[in-house]
Amino acid sequence: MRIAVVGATGLVGREMLTVLEERKIAVTELFPVASAGSVGKKIRFKGDEVSVIGMEEAIALKPDFALFSAGGATSLAWAPKFAAVGTVVIDNSSAWRMDADTPLVVPEVNLDAVSSNSKIIANPNCSTIQLVVALKPLHDAFGLKRVVISTYQSVSGTGKAAMLQLEEEESGKDASAPAYNYQIHRNCIPHCDVFLENGYTKEEMKLVNETRKILGEPELKVTATAVRVPVDGGHSESVNVSFEKAATVAEVQSILSKADGVVLQDDPASNLYPMPLLAHHKDEVFVGRIRKDESAENTFNLWIVADNLRKGAATNAVQILEKLASKTN
């Protein structure tokens, strides 16, 4: 396969290259693509140095797939141009997620949303991906009625500037170019992305709208609060979920223990529960702290953790590519 990685010098772009290597994807030609300022730089892939190229050159090469992680504006401008030459674009930005004609895909959940005509495929928000991987098998078994999510999102979800801010503050320095309005070290900031007119942030509404679209449940009751925490990598979610049907903790545990892409870590007696530290550099979604909500009927609490740069971004995109490539071979 001839594969372009657009945004190859960024956090997620670099992680995409790592995942392509680790999963031994049969890349015959790699085209790292970035902005004009990065053209000519070298990146390493499978032990070789490969030169970064620009958008126009990449489009002229007509790659089979293009993995995009260069921001929404870049994707809106350039993804259709790649698609026009026959390239299948898998886009990690929010640009195409809620477009009615663009499939929003998590392979374990709704790969069937992709058709032979799909030239642009959207990768969901990092927090949404880990949520729906855990919720889909429970929805199939018991029927989701209402979902309440509180997120604890790492600074890597914001990017390099946020990671540097945390690092500088941890070392006792003032942040040289802060990514947040407030100190993040020893702090929690209930502000992920920009605020909207309804008082929610864009991140919170992504969880609402993307979850409904991926699960094919446009009327599903979903609400969210998204919080940035001083963790380097890995997003956590406290999820309260109400079902249409009765269930037991043992049944929920059993279903999740067999679910594709899920690792059950739920043994409080042994202090076993998901944490960002344990999810680091892993591709699975970790679920634990499963409890009956004693204040509501058919309702349970879950704790869901995943590496936001891996399953929440790069791995999910590469898995989509992997599945589509296997279909055509």
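All values derive from a computational prediction rather than experimental measurement.
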side-chain hydrogen bond (donor to acceptor under 3.5 Å, both in side chains) involving Ser118 - partner list, sequence neighbours excluded: Ser115

Met1 versus Ile25, closest heavy-atom pair with distance: CE-CG2, 3.3 Å

Salt bridge (charged side-chain N to carboxylate O under 4.0 Å, His left out) pairs, two or more places apart, involving residues 119-139: Lys136-Asp140

Lys221 atom NZ, neighbour heavy-atom count above 12 within 6.0 Å: no

Atom pair CD (Glu49) and CZ (Arg44), whose distance is rounded to the nearest 0.5 Å: 5.5 Å

side-chain contact (heavy atoms from CB on, under 4.5 Å) evaluation trace for Arg228 with Cys188: CA-CA 6 Å; Arg228 194 70 62 186; Cys188 295; over 6 Å; no

Arg212, CZ atom: more than 12 neighbouring heavy atoms under 6.0 Å: yes

No-hydrogen, no-angle side-chain donor-acceptor test under 3.5 Å, Gln153 and Asn308: no

Note, Asn298 side chain near Lys245 side chain (heavy atom, < 4.5 Å): no

Within one Ile-Leu-Val-Met-Phe-Trp-Tyr cluster: Met163 and Val12, side-chain cutoff 4.5 Å: no

Within one Ile-Leu-Val-Met-Phe-Trp-Tyr cluster: Leu104 and Phe65, side-chain cutoff 4.5 Å: no

Hydrophobic cluster of Val6, others only, ordered by chain and residue number, side-chain cut-off 4.5 Å: Phe31, Val33, Ile53, Met55, Ile59, Leu61, Phe68, Leu76, Trp78, Phe82, Val85, Val89, Trp96, Ile120

Heavy-atom pair of closest approach, residues Leu256 and Ala134: CD2-O, 3.4 Å

Full working for salt bridge (Lys or Arg N to Asp or Glu O under 4.0 Å) between Asp193 and Lys206: CA-CA 10 Å; Asp193 213 319; Lys206 286 174 190 175; 3.3 Å; yes

Contact list for residues 291-312, test salt bridge (charged side-chain N to carboxylate O under 4.0 Å, His left out), sequence neighbours left out: Glu15-Arg310, Glu22-Arg310, Glu108-Lys311, Asp283-Arg310

Transitive ILVMFWY side-chain link Tyr152 to Val147, under 4.5 Å: no

Donor + acceptor pair across side chains of Gln253, Asp266 (<3.5 Å): yes

Polar contact flag, side-chain donor to acceptor under 3.5 angstrom, His185-Gln165: no

Residue pair Val39 / Gly54: nearest heavy atoms and the distance that separates them: CG2-N, 3.7 Å

Test item: side-chain donor near acceptor, Lys42 and Ser51, under 3.5 Å: yes

Shortest non-hydrogen contact between Gly312 and Ile129, atoms and distance: O-CD1, 3.5 Å

Over 12 foreign heavy atoms within 6.0 Å of CG, Leu277: no

Residue pairs passing the side-chain hydrogen bond (donor to acceptor under 3.5 Å, both in side chains) test where at least one lies in residues 52-73, sequence neighbours excluded: none

Greater than 12 external heavy atoms within 6.0 Å of Asp267's CG: yes

Salt-bridge contact Glu21-Lys46 (side-chain N to carboxylate O under 4.0 Å): no

Residues clustering with Leu278 (ILVMFWY side chains joined when closer than 4.5 Å, directly or via others): Tyr273, Met275

Glu237 versus Ser150, side-chain donor and acceptor atoms under 3.5 Å: no

Sub-4.5 Å side-chain heavy-atom contact between Ser176 and Asp174: no

Considering all heavy atoms, the nearest Gly234-Ser156 contact: N-OG, 4.4 Å

Minimum heavy-atom distance Thr225-Glu204, with the two atoms named: CA-OE2, 3.4 Å

